[in-house]
**Student:** 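The structure that follows is given in the form of structure tokens.
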Amino acid sequence: MAKPFFRLQKFLRRTQFLLLFLTAAYLMAGSLLLLQRARVATSQGPRVPGAPQALPVATVALGVDLLGSRALQDPRGSPDLLLGVDVLQSPLLRRPPPGLRWPRRNRSSPHRRWFHHFTSDLQAPPTLAPETPGPAARSRGTYLGCFSDEGQERTLKGAVFYDLRKMTVSHCQDACAERSYIYAGLEAGAECYCGNRLPATRAGLQECNQECKGEKGTACGASDRLSVYRVDMLQPSSRKRQTATYRGCFRLPENSTNAFSTALIQANMTVETCSEFCSQKEFPLAVLRGWECYCAYPTTQFSLHDAVDSSLCGQAPEAQRLEGYCDVYQTPVQDTRCTDRRFLPHKSQVFVALSSFPGAGNTWARHLIEHATGFYTGSYYFDGTLYNKGFKGEKDHWRSRRTICVKTHESGRREIEMFDSAILLIRNPYRSLVAEFNRKCAGHLGYAPDHNWKSKEWPDFVNTYASWWSSHVLEWLKYGKRLLVVHYEELRRSLVPTLRDMVAFLNVSVSEERLLCVENNKEGSFRRRGRRPQDPEPFTPEMKDLIDGYIRTVDQALRDYNWTGLPQEYVPR
């Protein structure tokens, strides 16, 4: 008895739910029908004799899609629409004209067609394709058009900047103007290129159809396309245009014609005139001897490694010309012979780490390695700030093996043994701790404010991180499979020979001129800005005792593993 009763109860519950669903669907369909009729009546309004009738519902639902927007734009091509004739009843359209097709019927879903009949007028009108972004409205530079940037060499060969979140035309123009470039080109919405020579190959304006990341509606080129502006003047917010920097007095090479391909000779030659001339020719060095101005790159013939007493260049122009000495100035133009970088064409067979304690110059070393080898470096982490600075390997998976080496600060045995070899970068712990504290408090390029140094945060940081500096080196010496130990101070002091050893360790062949180009661009964009902390020596005697003990431990460990000990400046002070 209980079983039939349970079945009846179950059936009634299902029936109740079905009735409720059908009632809701009926009410919804009726509401949509009333609303649709009200809209049609409103759109038609009072009937005026001679005025065209409103389109029937079927015409709105099917006729517009059938004829497309071209028929709506050209009244002569669609008289039926103007006269209000039902498209489905017109004998001219019972068979579709050439180029038009009847919409396909979806036989598997008749309910969808029935429901669409009531909702067709309620749907939003078809949206038009977004217009192609145009030049910046507020830019003071002159928009020159869209240019091609295809090929192995860059069209604008000057400095390169990235800002993948807020690139604007003004930002790019300011950056190029500060470095005395004439043209600023934006590509792929976030990349900025500078140069002093207008690109040769034009493209259609519509091909530069990508918006700037930080300026909607403004064209920032596209893939392999540059939106180019002539930098007429600096923006009000930008800094003063950079000038030439004195590099020293040098002896001219014996064959100056081969060493310097471009020259300008005129009376009363000045540093400004020579620097501006070489900047327009896109040379990083301006060589001045009397009334003669030469433009150059650092080469093996003219490497700027052997400076002489500057008083030898302070003579009269005639005497200076006879003696063969010259003043060398660094122009604002970047040396672009080593700025091209890419991912490895094939996966690397050797997995190499670039390991260091935080604050030991890992980012700067990556900058040098990328420009020397021409390949991107990777990272165990992801830093959006560095990616915006041009380290495109930041977004690549650290185990992809498409990068020449991988940045890491890890020091666990498991993390160390994952790598086949490693460049171990070591820096004086006093300098490393200060650099890392600045980064934590003010980012890669800032200085920590005074209140951070005077708070308890700084002593706690030293007590924690000083031991990490020691354990990091000790663990890599113990578990690293194949190591090259590089001291930051030695890399600073003797860049080309040390970088040559690092490149050889990475098994990459590099020309000497490319290494000299790296030396000419060695700083990159990594100098800290802002005011230094008031106290140049933030370490207390207790801190020094702690750090000096770790220095002795690491120095002895390096000697035990047959490496040279720490540099002289590491010795406890």
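Heavy atoms only: backbone and side chains are in, while hydrogens, waters and symmetry mates are out.
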**Student:** For Phe277, give me all partners under ring pair (Phe, Tyr, Trp, His ring centres under 6.0 Å), at least two apart in sequence or on another chain.
**Tutor:** none
**Student:** Under 4.5 Å between any side-chain heavy atoms of Met502 and Leu491, yes or no?
**Tutor:** yes
**Student:** What pair of heavy atoms forms the shortest contact from Met167 to Gly189, and how long is it?
**Tutor:** CB-O, 3.7 Å
**Student:** What residues form a side-chain contact (heavy atoms from CB on, under 4.5 Å) with Glu457, not counting sequence neighbours?
**Tutor:** Phe437, Cys441, Asn452, Ser455
**Student:** Look only at the side chain of Thr299 and the backbone of Phe302, and say whether a donor-acceptor pair between them is shorter than 3.5 Å.
**Tutor:** yes
**Student:** Is the shortest distance from a Lys or Arg side-chain nitrogen in Glu569 or Arg493 to a carboxylate oxygen in the other one below 4.0 Å?
**Tutor:** yes
**Student:** Thinking salt bridges, do Arg552 and Asp548 make one under a 4.0 Å N-O criterion?
**Tutor:** no
**Student:** I would like to know whether Tyr329 and Glu272 meet side chain to side chain donor-acceptor pair (under 3.5 Å); could you show each step before the answer?
**Tutor:** CA-CA 10 Å; Tyr329 294 86; Glu272 291 74 16; over 6 Å; no
**Student:** Looking only at the aromatic ring of each residue, does the gap between the centers of Phe283 and Tyr294 stay below 6.0 angstrom?
**Tutor:** no
**Student:** Can you check whether Cys212 and Cys220 have SGs under 2.5 Å apart?
**Tutor:** yes
**Student:** Any chance CG of Asp420 has more than 12 other-residue heavy atoms, nucleotides or ligands included, within less than 6.0 Å?
**Tutor:** yes
**Student:** Below 4.5 Å, heavy atoms only, C-beta onward: do Glu489 and Tyr570 meet side chain to side chain?
**Tutor:** yes
**Student:** Taking the side chain from Thr464 and the backbone from Phe461, do they hold a donor-acceptor pair closer than 3.5 Å?
**Tutor:** no
**Student:** Just by distance, no angles: are the side chains of Asn428 and Tyr488 close enough, under 3.5 Å, to form a donor-acceptor pair?
**Tutor:** no
**Student:** With sequence neighbours left out, what residues match Arg251 under side-chain contact (heavy atoms from CB on, under 4.5 Å)?
**Tutor:** Tyr325
**Student:** Once the angle between the rings of Trp468 and Tyr465 is folded into 0 to 90°, is it parallel (under 30°), tilted (30 to 60°) or perpendicular (over 60°)?
**Tutor:** tilted
**Student:** Check the orientation of His472 and Trp476. Use parallel for under 30°, tilted for 30 to 60°, and perpendicular for over 60°.
**Tutor:** tilted
**Student:** Arg342 versus Phe375: any side-chain heavy-atom pair under 4.5 Å?
**Tutor:** yes
**Student:** Of all heavy-atom pairs between Glu187 and Tyr193, which one has the smallest distance, and what is that distance?
**Tutor:** OE1-CE1, 3.7 Å
**Student:** Given side chain to side chain contact (heavy atoms under 4.5 Å, CB included), test Tyr183 with Cys176 step by step and report yes or no.
**Tutor:** CA-CA 7 Å; Tyr183 301 108; Cys176 294; over 6 Å; no
**Student:** Using side chain to side chain contact (heavy atoms under 4.5 Å, CB included), reason through Ser411 and Glu415 one step at a time and then give a plain yes or no.
**Tutor:** CA-CA 7 Å; Ser411 55; Glu415 288 78 7; over 6 Å; no
**Student:** So, does Asp396 use its side chain to make a donor-acceptor pair with the main chain of Arg402 at under 3.5 Å?
**Tutor:** no
**Student:** Thr331 side chain to Pro284 main-chain N or O, any donor-acceptor pair under 3.5 Å?
**Tutor:** yes
**Student:** Using atom types as modelled and distance alone, determine if a side-chain donor or acceptor of Glu211 lies under 3.5 Å from a backbone N or O of Gly217.
**Tutor:** yes
**Student:** Side-chain polar contacts of residues 479-487 - donor-acceptor pairs under 3.5 angstrom, sequence neighbours left out - could you list them?
**Tutor:**
{"unit_1": "Lys481", "atom_1": "NZ", "unit_2": "Glu417", "atom_2": "O", "d": "3.0"}

**Student:** State, to 0.1 Å, how close Thr168 and Leu186 come at their nearest heavy-atom pair, and which atoms those are.
**Tutor:** O-CD2, 3.8 Å
**Student:** Would you say Cys192 and Cys172 have SG atoms less than 2.5 angstrom apart?
**Tutor:** yes
**Student:** Within the distance-only criterion (no hydrogens, no angle test), does the side chain of Tyr181 pair as donor or acceptor with the backbone N or O of Gly195 below 3.5 angstrom?
**Tutor:** no
**Student:** So does Asp309 have more than 12 non-hydrogen atoms from other groups sitting under 6.0 Å from CG?
**Tutor:** yes
**Student:** Please work out which of the three classes, parallel, tilted or perpendicular, describes the rings of Phe382 and Tyr387, given edges at 30° and 60°.
**Tutor:** tilted
**Student:** Does Ala466 offer a backbone N or O that forms a donor-acceptor pair with the side chain of Ser470 under 3.5 Å?
**Tutor:** no
**Student:** Within a 6.0 Å radius of atom NE2 on His346, are there more than 12 heavy atoms belonging to other residues, nucleotides or ligands?
**Tutor:** no
**Student:** Would you mind reporting whether Arg247 and Asn520 have side-chain heavy atoms less than 4.5 Å apart?
**Tutor:** yes
**Student:** Counting C-beta onward and ignoring hydrogens, is there a side-chain heavy-atom pair between Phe357 and Val473 closer than 4.5 Å?
**Tutor:** no
**Student:** Checking Asn196 side chain against Ile182 main chain: does a donor-acceptor pair fall under 3.5 Å?
**Tutor:** yes
**Student:** Less than 4.0 Å between a side-chain N and a carboxylate O, is that true for Arg366 and Glu394?
**Tutor:** yes
**Student:** Excluding sequence neighbours, so at least two apart, what forms side-chain contact (heavy atoms from CB on, under 4.5 Å) with Lys478?
**Tutor:** Tyr561
**Student:** Can we say the SG-SG distance for Cys278 and Cys295 is below 2.5 Å?
**Tutor:** yes
**Student:** CH2/Trp364 to CZ/Arg427 distance, rounded to the nearest 0.5 angstrom?
**Tutor:** 9.5 Å
**Student:** Heavy atoms only: give me the nearest Phe343-Lys392 pair and the separation to one decimal.
**Tutor:** CZ-O, 3.8 Å
**Student:** Would you mind checking if Glu436 and Arg439 are paired as a salt bridge, meaning a charged N to carboxylate O distance below 4.0 Å?
**Tutor:** yes
**Student:** Glu512: what forms a salt bridge (Lys or Arg N to Asp or Glu O under 4.0 Å) with it, not counting sequence neighbours?
**Tutor:** Arg500
**Student:** Any chance you could measure Ser379, atom OG, to Leu354, atom CG, to the nearest 0.5 Å?
**Tutor:** 10.0 Å
**Student:** Do His371 and Thr339 make a side-chain contact, defined as non-hydrogen atoms from C-beta onward lying under 4.5 Å apart?
**Tutor:** yes
**Student:** Check for a donor-acceptor pair, side chain of Thr403 on one end and backbone N or O of Thr377 on the other, with a separation under 3.5 Å.
**Tutor:** no
**Student:** Please tell me if the side chains of Phe260 and Pro253 come closer than 4.5 Å, counting only heavy atoms from C-beta onward.
**Tutor:** yes
**Student:** Carefully, step by step, assess Phe147 and Arg225 under the rule side chain to side chain contact (heavy atoms under 4.5 Å, CB included).
**Tutor:** CA-CA 6 Å; Phe147 292 82; Arg225 293 294 182 270; over 6 Å; no
**Student:** Given 3.5 Å as the limit, does a donor-acceptor pair link the side chain of Trp469 with the main chain of Ile551, or not?
**Tutor:** no
**Student:** Locate the shortest heavy-atom distance separating Ile404 from Val508; write the atom from each residue and the value.
**Tutor:** CD1-CG2, 3.7 Å
**Student:** Determine, step by step, whether Asp545 and Phe539 satisfy the side chain to side chain contact (heavy atoms under 4.5 Å, CB included) criterion, reporting the C-alpha distance in whole Å, the side-chain angles of both residues, the deciding distance to 0.1 Å, and the verdict.
**Tutor:** CA-CA 10 Å; Asp545 290 339; Phe539 298 96; over 6 Å; no
**Student:** Which heavy atom of Phe250 sits nearest a heavy atom of Asp306, and at what distance?
**Tutor:** CD2-O, 3.5 Å
**Student:** Rounded to the nearest 0.5 Å, what's the gap from NZ on Lys544 to OH on Tyr430? Could you check?
**Tutor:** 6.5 Å
